[in-house]
Amino acid sequence: MRVFLLGSTALLAAFLFATGLQAAAPINEADIDAALNSKTRTLQEAEIEAALNAAIAKYKTLQEGANADYIPALAKVDPNIFGIALVTPDGQVFTAGDVKSEVSIQSISKVFTAALVMEESGPEAIQNNMGVDATGQVFNSIVAVEQYKGAEMNPLVNAGAIASTSMVSGKSREEIWNKILNYYGEFAGRKLSVNEEVFKSEAETNQRNQAIGKLMYAYGRIKDNPDQATDIYTEQCSVNVNARDLAIMAATLANGGKNPVTGKQVMRNENVDELLAVMATAGLYDDSGKWLYATGLPAKSGVGGGIIAVSPGRFGIAVISPPLDAAGNSVRAQKAIADVSNALGGNPYAVTPAK
Ligand code: DON
């Protein structure tokens, strides 16, 4: 199919037109007719598969970065895990590399807890409590909390995320926790579970997050029980996921809040754009600007090695590879997602002028 694609200029132009990619040559009626014939879907599949396989091949041997070790259990995870998955809004799942191995979701969880708070209390609840602005600081910055007394930040840094968790309603810890875990499962399209070793390891070493939780409580951003909020936050970070799970979660956001695999509307359509905006400005912490400059994609990283990215209306993509750069973002995942998205025209800011 690849050979056929390369050998057929008209079909290539038609494919590019049909998929919204930029065509170099003018498109005529014959091209449009060709785009509408049954080969279009097959060509698109081949293109996606080729892009995923190329990214795995290109970065498999890249030896940059290191596993997170401030959570001792993360240092023991196999650094060679490298898997990629892409899911389209019509529910097609494409994978390459190791998509079976699971890692802890870590900070990617923050997106889905924020989504839950938005569902329960509206997007203004997040904005009014901890804000929706990038801090420009590391993810566990205390300086960022101090600067505006726990406001003017966002739900994707630790302080804002612990506050988000505290905003999930429930009569008991168990009820709140089950609600969060089940909600993540609705995004992933399957029941998820906790990596108990990672949870225990982080719970024993998360004194800094406990301090952040208490500080957010002192500034009134957490209403009560900051220790419980930090503990549930720690547990949510320990949920195990593989690259396929993460890509379906991302694709649910790419598809306006409706899980494209299960068909369930998981979050309100009108909340998705606001959540994506925060991912765009703060998803990769102090490197969010560099990332957006390179890809244009709302994204979120986790110190377990996962990154999700969303091309709205086009695809959700995820990569897992544990070695991280200095900002706490997976090295291979950033490169692989950027390559695949650029190959498939995923950057929502990339447009050609009207004729
Ligand atoms: O709270 C923490 O430090 C971790 N559970 C999560 C941090 C994280 O994933 C930052 N992401 N790149």
Side-chain angles (χ1 to χ4, degrees), residues 65-75 77 102-114 130 134-142 144-145 153-166 177 180 184 194-216 222 226-241 246 249-250 278-279 281-291 298-309 318-334 337:
N67 283 25
D69 58 6
Y70 72 97
I71 300 170
L74 297 187
V77 175
E102 296 183 334
V103 298
S104 52
I105 189 169
Q106 296 299 335
S107 284
I108 300 170
S109 68
K110 295 166 176 171
V111 172
F112 302 99
T113 297
M130 72 291 266
T135 64
Q137 303 283 338
V138 292
F139 59 82
N140 57 3
S141 173
I142 288 173
V145 180
M153 51 170 62
N154 65 77
L156 303 184
V157 292
N158 288 12
I162 295 167
S164 286
T165 303
S166 79
W177 168 245
I180 290 172
Y184 293 0
V194 171
N195 183 323
E196 296 296 344
E197 189 192 349
V198 170
F199 179 35
K200 183 168 181 292
S201 178
E202 184 165 355
E204 284 169 359
T205 53
N206 69 350
Q207 289 77 19
R208 187 182 178 94
N209 281 343
Q210 291 176 36
I212 289 172
K214 289 224 166 65
L215 206 47
M216 291 297 273
I222 293 177
D227 292 342
Q228 175 176 288
T230 305
D231 188 47
I232 298 177
Y233 161 81
T234 306
E235 190 163 10
Q236 79 179 42
C237 287
S238 310
V239 169
N240 260 343
V241 283
L246 288 177
M249 296 171 96
V278 184
M279 291 169 68
T281 54
L284 267 68
Y285 306 110
D286 37 330
D287 276 354
S288 297
K290 274 186 225 152
W291 169 259
K300 186 72 208 82
S301 59
V303 289
I307 296 184
I308 61 169
V319 171
I320 289 177
S321 168
L324 311 176
D325 64 15
N329 303 317
S330 167
V331 177
R332 286 195 198 114
Q334 289 177 77
I337 293 173

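Computed over heavy atoms, backbone and side chain alike; hydrogens, waters and symmetry mates excluded. Atoms within each ligand, like the ligands themselves, are counted from 1 in listed order.
At the top of the distance list for atom 1 (O) of ligand 1, counting protein heavy atoms only, stands Tyr233 OH, 2.6 Å. Among all protein heavy atoms, the one lying closest to atom 4 (C) of ligand 1 is Gln106 OE1, 3.2 Å. Of the protein's non-hydrogen atoms, the one nearest atom 3 (O) of ligand 1 is Tyr70 OH, 2.6 Å. Nearest to atom 8 (C) of ligand 1 among the protein's heavy atoms is Ser107 OG, 2.4 Å.
The closest donor-acceptor contact from the side chain of Asn195 to the backbone of Val198 lies under 3.5 Å. Remark: the backbone N or O of Thr230 is not paired with any side-chain donor or acceptor of Asp227 at under 3.5 angstrom. A distance-only check finds no donor-acceptor pair linking the side chain of Gln137 to the backbone of Ala134 [under 3.5 Å]. Remark: the backbone N or O of Val331 is not paired with any side-chain donor or acceptor of Asp325 at under 3.5 angstrom. A distance-only check finds a donor-acceptor pair linking the side chain of Ser166 to the backbone of Ala163 [under 3.5 Å].
If you number the atoms of ligand 1 from 1 as listed, the ones under 4.0 Å from a heavy atom of Asn158 come out as 1 (O), 2 (C), 3 (O). Numbered from 1 in the order shown, with element, the atoms of ligand 1 that lie under 4.0 Å from a heavy atom of Glu202 read 1 (O), 2 (C), 4 (C), 5 (N). For ligand 1, the atoms closer than 4.0 angstrom to any heavy atom of Gly302 are 9 (O), 11 (N), 12 (N). Which parts of ligand 1 touch Phe139 is read off a 4.0 Å heavy-atom cut-off, strictly below it: atoms 3 (O), 7 (C), 10 (C). Under a 4.0 Å criterion applied to the non-hydrogen atoms of Cys237, ligand 1 contributes the atoms 5 (N). Listed by number with element, the atoms of ligand 1 under 4.0 Å from a non-hydrogen atom of Asn209 are 1 (O), 2 (C), 3 (O). Near Ser301, the atoms of ligand 1 lying under 4.0 angstrom from a non-hydrogen atom of the residue are 11 (N), 12 (N).
No salt bridge links Glu196 with Lys200; every basic N to acidic carboxylate O contact stays at or beyond 4.0 Å.
Between Gly328 and ligand 1, an N or O atom pair is found at a separation short of 3.5 Å. Checked by distance only, ligand 1 and Ile71 stay at 3.5 Å or farther apart across all their nitrogen or oxygen atoms.
Within the 4.5 Å cutoff, side-chain heavy atoms of Thr205 are placed close to those of Pro72.
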Derivation and outcome, side chain to side chain donor-acceptor pair (under 3.5 Å), residues Tyr184 and Thr113: CA-CA 8 Å; Tyr184 293 0; Thr113 297; 2.5 Å; yes
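Atom CD of Glu235 is separated from atom OG of Ser104 by 12.5 Å, given to the nearest 0.5 angstrom.
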